[in-house]
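Residue numbers start at 1 and run along the sequence shown. Note that the structure is a prediction, hence the values are computed from the model and not measured. The basis for the numbers below is simple: all heavy atoms, side chains too, and nothing from hydrogens, waters or symmetry mates.
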Amino acid sequence: AYTYFNIKCNQDGILSILVSYYDMQTRELYLKLPMTFDVATAQEILFEDCFDPENDAWRSVIPDFVTRQAKLLNMTLLSDIMPIEDGQLFYLTGRTLVVLYRPYEITTYLAGWPEFSISLDQLSPYFSGGAAVARLLAATQAAPEASNVG
C-alpha cells in the first residue's frame, strides 16, 4: 500500500487532513481516513464534538443536505434517509464541513467515496459555542476574504 495525504484546513487552530490509502499494484483506492484536530488542545475533533450536545436537530438537518446534493448529482441512493452517526467521517475545509461516506454505505460502488460539502454558515445554529469549529466559523466571518486550504 501507499498513502497520499491532503491538508484540507490549517487555520485558526484547526488542522484537518485527508489520508488516502492505495493498493500499490492496482492503484485502487481502498481507504480514506479524514482526521481533524484542535491544535490548541492537541485533541482529535470527532464529528459529534462539532455540535451542541443539548440540540440533536443537526442529526436530521445534515441528512437533508446530503440527500439534496446526492440528487443533484443523480446519485442512486440505497436509502431514503442518509445515516449520520457519532464518529461520522468528515473533514473541514475552512468554510465547509465535508461529510464522507464509504463505498456502498449510501450509494452504489460507482460513486466511490461520496463527499458532501455543507457551508459552516448553514450549520452554525447547531454548533456548540465552545467547539473548535465555531471558532473557525467566527474567524471566517470576521475575515471573509480569508482563503482556505484544500
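Hydrophobic clustering of Ile, Leu, Val, Met, Phe, Trp and Tyr side chains at less than 4.5 Å, counting indirect connections, keeps Tyr104 apart from Leu110. Hydrophobic clustering of Ile, Leu, Val, Met, Phe, Trp and Tyr side chains at less than 4.5 Å, counting indirect connections, unites Tyr4 with Leu89. Following chains of ILVMFWY side-chain contacts shorter than 4.5 Å, one cannot reach Val61 starting from Ile81, and the two form parts of different hydrophobic clusters. Cluster annotation: Leu29 is connected to Tyr91 through the hydrophobic network of ILVMFWY side chains, with a link wherever side-chain heavy atoms come within less than 4.5 Å. When the side chains of ILVMFWY residues are joined at heavy-atom separations under 4.5 Å, either directly or via intervening members, Leu33 and Leu15 end up in a single hydrophobic cluster.
A donor-acceptor pair is defined here as one N or O able to donate and one able to accept, closer than 3.5 Å; such a pair exists between the side chain of Asp23 and the backbone of Thr26. No donor-acceptor pair under 3.5 Å is formed between the side chain of Gln88 and the backbone N or O of Val99. With Ser60 contributing its side chain and Ala57 its backbone, the two residues share a donor-acceptor pair below 3.5 Å. A donor-acceptor contact shorter than 3.5 Å is absent between the side chain of Arg95 and the backbone of Ser119. For the pair Thr96 (side chain) and Val98 (backbone), a donor-acceptor distance under 3.5 Å is absent. Between the side chain of Gln69 and the backbone N or O of Ser117 there is at least one donor-acceptor pair closer than 3.5 Å.
The line from CG of Asp38 to CG of Leu136 is 10.5 Å long, rounded to the nearest 0.5 Å. From Ser16, atom OG reaches atom CZ of Phe90 across 6.5 Å, with rounding to the nearest 0.5 Å. Interatomic distance, CZ of Arg68 versus CD1 of Ile118, reported as 9.0 Å (0.5 Å rounding). Atom CG of Asn6 is separated from atom OG of Ser20 by 8.0 Å, given to the nearest 0.5 angstrom. Rounded to the nearest 0.5 Å, atoms OH (Tyr22) and CD (Glu28) are 11.0 Å apart. For the atom pair Leu31 CG and Arg102 CZ, the distance stands at 8.0 Å (nearest 0.5 Å).
A 6.0 Å sphere centred on OH of Tyr2 holds more than 12 heavy atoms belonging to other residues, nucleotides or ligands. Heavy-atom neighbours of Asp86 CG from other residues, nucleotides or ligands within 6.0 Å: above the threshold of 12. In the displayed structure, Tyr30 atom OH is contacted under 6.0 Å by more than 12 heavy atoms of other residues, nucleotides or ligands.
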- [ ] Assess whether side-chain contact (heavy atoms from CB on, under 4.5 Å) is satisfied between Val19 and Met35, documenting all intermediate values.
- [x] CA-CA 8 Å; Val19 181; Met35 296 177 281; 3.5 Å; yes
The test is side-chain contact (heavy atoms from CB on, under 4.5 Å); show your working for Thr67 and Leu77 and say whether it passes. CA-CA 8 Å; Thr67 301; Leu77 298 175; 4.2 Å; yes
Any chance you could lay out the side-chain contact (heavy atoms from CB on, under 4.5 Å) test for Phe65 and Leu123, step after step, and finish with the verdict? CA-CA 10 Å; Phe65 282 115; Leu123 295 173; 4.1 Å; yes
Exercise for review: Let me see the working for Leu100 and Leu18 under side-chain contact (heavy atoms from CB on, under 4.5 Å), right down to the final yes or no.
Suggested key: CA-CA 10 Å; Leu100 177 67; Leu18 181 61; 4.2 Å; yes
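In this structure, Ser79 and Met82 approach most closely via the heavy-atom pair O-CE, 3.0 Å. Nearest heavy-atom pair, Ile14 versus Ala132, reported as atom, atom and distance to 0.1 Å: CD1-O, 3.2 Å. The two atoms that bring Asp49 and Ala131 nearest to each other are O-CB, 3.6 Å, heavy atoms only. The minimum heavy-atom distance between Ala134 and Gly129, with the atom names listed, is CB-O, 3.9 Å.
Two residues are said to be in side-chain contact when any heavy atoms from C-beta on lie closer than 4.5 Å; Met75 and Phe116 meet this criterion. Put simply, the side chain of Thr36 does not reach to within 4.5 Å of the side chain of Glu44, judged on heavy atoms. Tyr101 is listed as a side-chain neighbour of Val66, based on a closest heavy-atom distance under 4.5 Å. In this structure, Ile106 and Pro83 have side chains that are in contact, with non-hydrogen atoms separated by less than 4.5 Å.
Under the 30°/60° scheme for interplanar angles, the aromatic rings of Trp58 and Phe51 are found to lie parallel.
Salt-bridge check for Glu115 with Lys32: passed, with a basic side-chain N closer than 4.0 Å to an acidic carboxylate O.
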